[in-house]
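Please read the structure below before turning to the comments.
Predicted model, so just to flag it, every value in this text is computed and none were measured. The figures here come from the full heavy-atom set of this structure, side chains too, leaving out hydrogens, waters and symmetry mates. Throughout, a chain's letter reflects where its sequence line sits, starting with A, and its residues are numbered from 1.
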2 protein chains.
Amino acid sequence: MKQSNVDRVYTQLRGLAANFEFKPDARINESALSAQLGTSRTPLREAMNRLVAEGFLTFQSGRGFFCRSLSPSKVLNLYEARVAIEVEAVRLACKRASDENLKALIDDLERQASNSQAAEPETRLEQDEAFHMGVVRLSQNTELIRVLENLNERIRYVRLIYLKNRSQPTAMIPPAHRKVLDALVARDAETAAQAMRAHIGRQREDAAEAVRIAYSQLYVPNAGDFTEGTK
Amino acid sequence: MKQSNVDRVYTQLRGLAANFEFKPDARINESALSAQLGTSRTPLREAMNRLVAEGFLTFQSGRGFFCRSLSPSKVLNLYEARVAIEVEAVRLACKRASDENLKALIDDLERQASNSQAAEPETRLEQDEAFHMGVVRLSQNTELIRVLENLNERIRYVRLIYLKNRSQPTAMIPPAHRKVLDALVARDAETAAQAMRAHIGRQREDAAEAVRIAYSQLYVPNAGDFTEGTK
DNA sequence: CAAGTATAAATTGTATACAGCACAGTATTC
DNA sequence: GAATACTGTGCTGTATACAATTTATACTTG
């Protein structure tokens, strides 16, 4: 299955937007960006329209496309939405996950954790997301999976910044994750849901500070931006 | 704020897709459709890319755009996602809604209900959605609002079909809705959440049958379709 | 000097052209 | 007669051109 130019551009652009390589609220110059990506404005605009629908960009008629804004309240909303999705997903997973799939997930997470004592922040974030996505996949609900993927991508930048500045590496599955997994194995939906809610809630508490740190990182020196004319 | 051609086309197309005026899985001919809508393929494709991201259409590289499929499992997934969103939203609403906003919602729903004893299925669906969207809006979480709007639009067709075939009109707020609203007024998050979960769960039970009815409605005579060449 | 206005430059919005790919329908061969 | 190769038609993918709109710049005026 050959992927089209639009798909390629879409993926690249989502990466740029997710990492705020467009600064928050900055206007995006289509000509400059299309040249950057080695394509014309037509497929670029198609890709950007997808990203608008996904909440990575915004669009104003006649003025063009802009990077999404980054504000504490926006990020808190994303965390709350994660609670909604994941708490329900873990309930469904209790009912639906086969013992084999559940065991496969736990084994996978343990392998990942032990493989990386050195643990770059990127790696730790990857492992955390693997846990959360893994649980939601066990719910077997493609809609929940789809929404959480989107939420995670939009929240990733802030979480990464936070991990880089605060958290400590460990070589095992975090206790909070373990609690959820144990409840899943025991098919105890209520306990699993509570544990998941508490875990995300704790991450949420740090979000506001993480946004502050993110801002201080964003508006320093200047690594290339695509938001103004190329000259 | 002048809205662009893309926005207009996007809105029209979302309506068509939501009502399955493209048949499930049918391929969409861009030239024919752009002529239909009085525009060229460029803005049409931009609009369709947004709809792909929103789950109304699918896209296969080299083959074009297709209407989303309609299957019982897909619809069940949507109902489950609604549970996730709305149960959490009603919890947040308990904490955050002002007494005034809560009262305003209840008054509004009561007015709507009493205004329409004759109650077309369309009207009843509108009222049901007004309740659910109203509660989620009280959560003040734009992310939850956005996701639920999307879910509702994608589920609407099936629900409407079902209402047309089964349910009875009434001139008051349904008891299930009343229960949620009472719990909200009492700021009893747990009861409100349970009531909401039970209510949507009951709707969900009918979903499989609703899809069957929907199919029987879709593949009869033939009111104009845009899925094949215009001749 | 500030504010507003006119003019020029740049950028977006959309139509169109054309290359390349997918698919159907036809002919050919065993 | 069935299967396969071939050819033609139509559709999608993308670049480009140009009109319309917005933004920046320079100038004028109080």
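Residues meeting the ring-ring contact (aromatic ring centres under 6.0 Å, His included) test with Phe131(B), sequence neighbours left out: His177(B). For Tyr157(B), the ring-ring contact (aromatic ring centres under 6.0 Å, His included) test picks out Phe20(B), with sequence neighbours left out. Every residue was checked against the ring-ring contact (aromatic ring centres under 6.0 Å, His included) condition with Tyr10(B), not counting sequence neighbours, and none meets it. Applying the ring-ring contact (aromatic ring centres under 6.0 Å, His included) criterion to Phe65(B), with sequence neighbours excluded, gives Phe59(B).
Straight-line distance from the CG atom of Leu57(B) to the P atom of dT12(D): 13 Å, rounded to whole Å. Per the geometry, CE belonging to Met48(A) stands 15 Å off P belonging to dT14(D), to the nearest Å. Whole-Å rounding puts the Phe59(B) CZ to dA22(C) P distance at 12 Å. Spacing between atom CD1 of Ile28(B) and atom P of dT12(D) amounts to 10 Å, rounded to whole angstrom units. Atom CD of Glu30(B) and atom P of dT16(C) are 16 Å apart (whole Å). The separation between Asn49(B) atom CG and dT12(D) atom P is 13 Å, rounded to whole Å. Here dG13(C) presents its C1' atom at 17 Å from CG of Leu37(B), a figure rounded to the nearest Å. The nearest whole Å value for the distance from the CZ atom in Phe66(B) to the C1' atom in dA22(C) is 11 Å.
Phe65(B) comes within 4.0 angstrom of no nucleic acid atom, judged by non-hydrogen atoms across all strands.
Sorted by residue number, the members of residues 39-47 of chain B with any non-hydrogen atom under 4.0 Å from DNA chain D read Arg41(B), Arg45(B).
When all heavy atoms of Leu76(A) and Ala207(A) are compared, the closest pair comes out as CD2-CB, 4.0 Å.
Using modelled atom types and a 3.5 Å distance limit, the side chains of Gln203(A) and Arg82(A) yield a donor-acceptor pair.
When distances run from any side-chain atom of Arg27(A) to the nucleotides dT12(D), dT11(C), dG13(C), the shortest one goes to dT11(C).
Applying the ring pair (Phe, Tyr, Trp, His ring centres under 6.0 Å) test to residues at least two apart or on different chains, none of the pairs has a partner in residues 34-56 of chain A.
For Asn29(B) and dC11(D), the shortest distance from a side-chain N or O to OP1 or OP2 is below 4.0 Å.
Along DNA chain D, the nucleotide closest to Arg63(A) and the one closest to Asn5(A) are compared, and the more 5′ of them pairs with Asn5(A).
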